[in-house]
> 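Handing you a structure now.
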2 protein chains.
Amino acid sequence: MTGRSVTITEVARHAGVAVSTVSYVLSGKRTISADTRRRVLDSISTLGYHPHAGARALASKRSNVIALVLPLRAGMHVPVLMRFASAVVTAARTYDHDVLLLTADEGTDGIRRVAASALVDAFVLMDVELDDRRVPLLRDLAKPSVLIGFPAETAGLTCVDLDFAASGAQCVAHLAERGHDTIALLGAPAVVYERGTGFARRTREGFVAALAGSGVSGVALPCEETFDEVYETVGDLLRDQPGLSGLVVHNEAAVGHVLSALRQLGRRVPQDVAVVAICPDDVAERASPPLTSVLIPAEEVGREAVRLVMDKLAGKVVPMSTLLTPHLVLRAST
Amino acid sequence: MTGRSVTITEVARHAGVAVSTVSYVLSGKRTISADTRRRVLDSISTLGYHPHAGARALASKRSNVIALVLPLRAGMHVPVLMRFASAVVTAARTYDHDVLLLTADEGTDGIRRVAASALVDAFVLMDVELDDRRVPLLRDLAKPSVLIGFPAETAGLTCVDLDFAASGAQCVAHLAERGHDTIALLGAPAVVYERGTGFARRTREGFVAALAGSGVSGVALPCEETFDEVYETVGDLLRDQPGLSGLVVHNEAAVGHVLSALRQLGRRVPQDVAVVAICPDDVAERASPPLTSVLIPAEEVGREAVRLVMDKLAGKVVPMSTLLTPHLVLRAST
DNA sequence: CCCGGTCATCGAAGCGCTTCGACACCCCAA
DNA sequence: TTGGGGTGTCGAAGCGCTTCGATGACCGGG
């Protein structure tokens with residue numbers, strides 16, 4: 001076992017300077033001569049000093065920890081959520097911050113608690129619903145926050161996400177361009193729409209709105225995640241829409257099933273039915289055939305969320321709304 | 001915005017007692033008269049007091065935070081990992097602790113850093129490899145830790161997991177009982193075995209060892225996660241092992257593909273091929289047909305890991321190794 | 001040669017809490 | 001009546017850090 005931990009006092013004594021000098025070397029808040037700085041840094045590394053997080057938080061009123069609020073709701077695709085989460089952790093570290101993980105079961109009390117106890121400096125919230133219970137709380141919290149996703153009413157909030165409406169529209173445009181005039185959107189499970197999850201609804205709205213402008217006819221359906229249900233949905237679709245030749249799939253868990261179902265129903269991709277997905281790159285690449293897709297840039301969104309929250313902590317004014325432009329990548333399925 | 005936060009001094013003044021009395025009411029470390037306790041608790045709730053986490057950590061040498069070390073390695077099934085993680089967070093809250101999330105990209109330095117800075121009191125590590133780089137570090141860390149999973153050398157560690165060897169054996173026994181004499185194990189992707197991930201190897205060992213005792217012949221193969229690869233693997237298997245009538249699948253992501261592949265290859269489940277899975281309950285239930293399975297008790301493992309780490313923090317002696325007994329649940333696939 | 005102004009450093013206060021020893025009080029046994 | 005042993009409460013020290021004001025050394029200009 002490693003012994004008692006080294007304090008700033010011991011570093012100061014070892015370097016022959018005052019405690020405050022060590023502190024200023026670390027924070028850079030006052031000028032320190034090159035010579036002194038070097039001596040202090042040497043002492044720090046030979047003694048293996050790490051500032052005590054609690055003491056620092058107490059004296060500076062900053063914990064250097066941000067909370068990541070990650071409810072794991074039914075129907076959400078966990079691997080995608082974790083890519084966001086992972087990106088948030090990595091980005092936070094580049095600002096010398098750590099990440100406290102909050103899940104749903106404590107409800108909004110968890111948010112209130114960690115804010116009031118000064119455990120964290122700020123919040124990043126994921127899996128935002130249109131009418132999210134957490135939102136009113138954020139408005140009168142003394143700590144900054146950023147949402148990944150958009151609730152219905154964004155006044156007073158900072159939100160960041162992929163522009164899902166534009167993504168839906170871009171898929172329609174792509175299929176129209178390829179000459180498809182009857183298409184469908186297979187979206188998230190019904191429960192996700194009912195709950196009012198922003199990204200699902202916005203994609204659908206973008207999809208529907210774009211149909212009109214492009215002279216394409218199409219329907220938007222929710223889509224469950226078991227093979228049997230997908231098979232049935234796809235079967236019904238092909239029966240009801242005889243001319244159907246294009247499919248937009250916005251459901252990571254169902255993508256594989258959709259392709260299997262088409263195969264079993266005797267439709268070739270892309271010859272008989274063209275398929276565009278809205279999903280992370282690796283999901284699209286691992287499918288067979290590899291899917292033309294609009295990339296969900298999880299890493300970029302996570303990084304951007306952290307950048308925004310750090311700017312807010314630094315007192316900067318940040319845009320209320322950050323919508324990342326979708327990019328469609330051509331692969332073998334269209 | 002909520003105003004400046006309430007301190008213990010204000011609570012004490014409001015209740016007409018000393019600061020230390022408030023502290024003792026909260027910690028229960030000294031006897032306090034019922035009357036005083038009530039007055040203090042009233043003041044706390046009317047003022048909305050929450051102890052300052054940093055101050056508490058500084059004075060008590062306990063941060064009430066545990067670190068969850070969760071590398072997201074290739075080939076791991078993220079939804080299952082997140083069930084463990086989620087269970088850890090929930091369990092930690094029942095001990096009044098929060099969870100700091102550490103990912104892989106900082107490597108072992110992250111562990112060292114948060115330990116040295118007293119940001120956390122203890123560690124729970126997931127996704128443990130047989131020869132894990134984090135293990136030697138844990139041995140000379142001054143903080144307790146618990147591993148979810150078993151490395152090759154467990155001396156000086158505390159580990160908890162499902163007994164995967166017994167699980168593999170139990171699947172063999174179940175199929176043998178049903179009269180199947182030629183079976184196969186489809187496991188994790190090859191990369192997971194190569195990396196030396198304990199649970200994958202132990203299941204395979206348990207499976208192979210049980211074959212001998214039960215007079216069943218069988219093979220164990222790694223299994224990738226794309227449909228095409230699964231289809232090929234299953235196809236090869238049926239061709240090379242003509243008498244094959246039982247399959248054990250220990251790969252959450254491939255389960256669905258295996259069933260699709262069997263269907264496409266004209267085999268009915270369970271009439272032609274019986275399938276047993278090792279996976280969380282919901283995955284087994286959502287498959288079609290619902291799968292007979294050995295449950296991976298993520299919630300229980302997470303809870304147990306937290307219980308162990310809290311016992312260690314409390315100075316109790318805990319068992320080095322906790323192996324949860326597997327339970328096979330009968331469903332429609334065998 | 002003295003004065004004002006940097007620059008580099010120091011000392012001390014204070015952040016909000018826990019914990020230790022002290023003490024006042026009360027009850028009961030001697 | 002006195003003494004001893006609990007109870008219940010208080011005051012103060014101290015946890016390790018940041019930050020503010022003060023100070024000394026050194027510079028160039030008048």
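Naming convention: chains lettered A, B, ... in sequence-line order (proteins, then strands); numbering from 1 in each chain.
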> For DNA chain D, which nucleotides open and close the run of contacts to chain B, 5' to 3', at under 4.0 angstrom from a non-hydrogen atom?
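Extent of the interface on DNA chain D: D:dG8 to D:dG16.
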> Is it true that A:D42 and A:R39 have a side-chain N and a carboxylate O under 4.0 angstrom from each other?
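Answer for the salt bridge query: no.
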> Enumerate all atom pairs, one protein N or O and one N or O from nucleotides 4-7 of chain C, separated by less than 3.5 Å.
none

> Which residues satisfy the side-chain hydrogen bond (donor to acceptor under 3.5 Å, both in side chains) test with B:S33, sequence neighbours excluded?
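With neighbours one apart ignored, the set is B:T36.
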> Mind checking what makes side-chain contact (heavy atoms from CB on, under 4.5 Å) contact with B:D311, not counting sequence neighbours?
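B:D311 satisfies side-chain contact (heavy atoms from CB on, under 4.5 Å) with B:R307, B:K316, B:V318 once adjacent residues are dropped.
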> side-chain hydrogen bond (donor to acceptor under 3.5 Å, both in side chains): which pairs involve residues 11-32 of chain A, sequence neighbours left out?
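Pairs touching residues 11-32 of chain A that pass the test: A:H14-A:S43.
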> Looking for any heavy atom pair under 4.0 Å, which part of the strands does B:V19 touch: base, sugar-phosphate only, or nothing?
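Base contact - B:V19 has a heavy atom under 4.0 Å of at least one base atom.
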> Quick one: label B:T7 by what it contacts on the DNA or RNA (base, sugar-phosphate, nothing), any heavy atom closer than 4.0 Å.
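Answer is sugar-phosphate: B:T7 comes under 4.0 Å of backbone atoms only.
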> Give one of base, sugar-phosphate or nothing for A:S33, where a contact means two heavy atoms less than 4.0 Å apart.
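Result for A:S33 = sugar-phosphate.
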> Could you go through residues 147-160 of chain B and list every donor-acceptor pair under 3.5 Å that involves a side-chain atom there, pairing it with any protein atom two or more places apart or in another chain?
unit_1 : atom_1 : unit_2 : atom_2 : d
B:E153 : OE2    : B:A155 : N      : 3.1
B:T158 : OG1    : B:K312 : NZ     : 2.7

> Within the pair A:T21 and C:dC10, is there a side-chain N or O less than 4.0 Å away from OP1 or OP2?
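Yes, such a contact exists.
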> Under the side chain to side chain contact (heavy atoms under 4.5 Å, CB included) rule, what do A:V65 and A:L119 come out as? Steps first, then yes or no, please.
CA-CA 7 Å; A:V65 175; A:L119 232 188; 5.7 Å; no
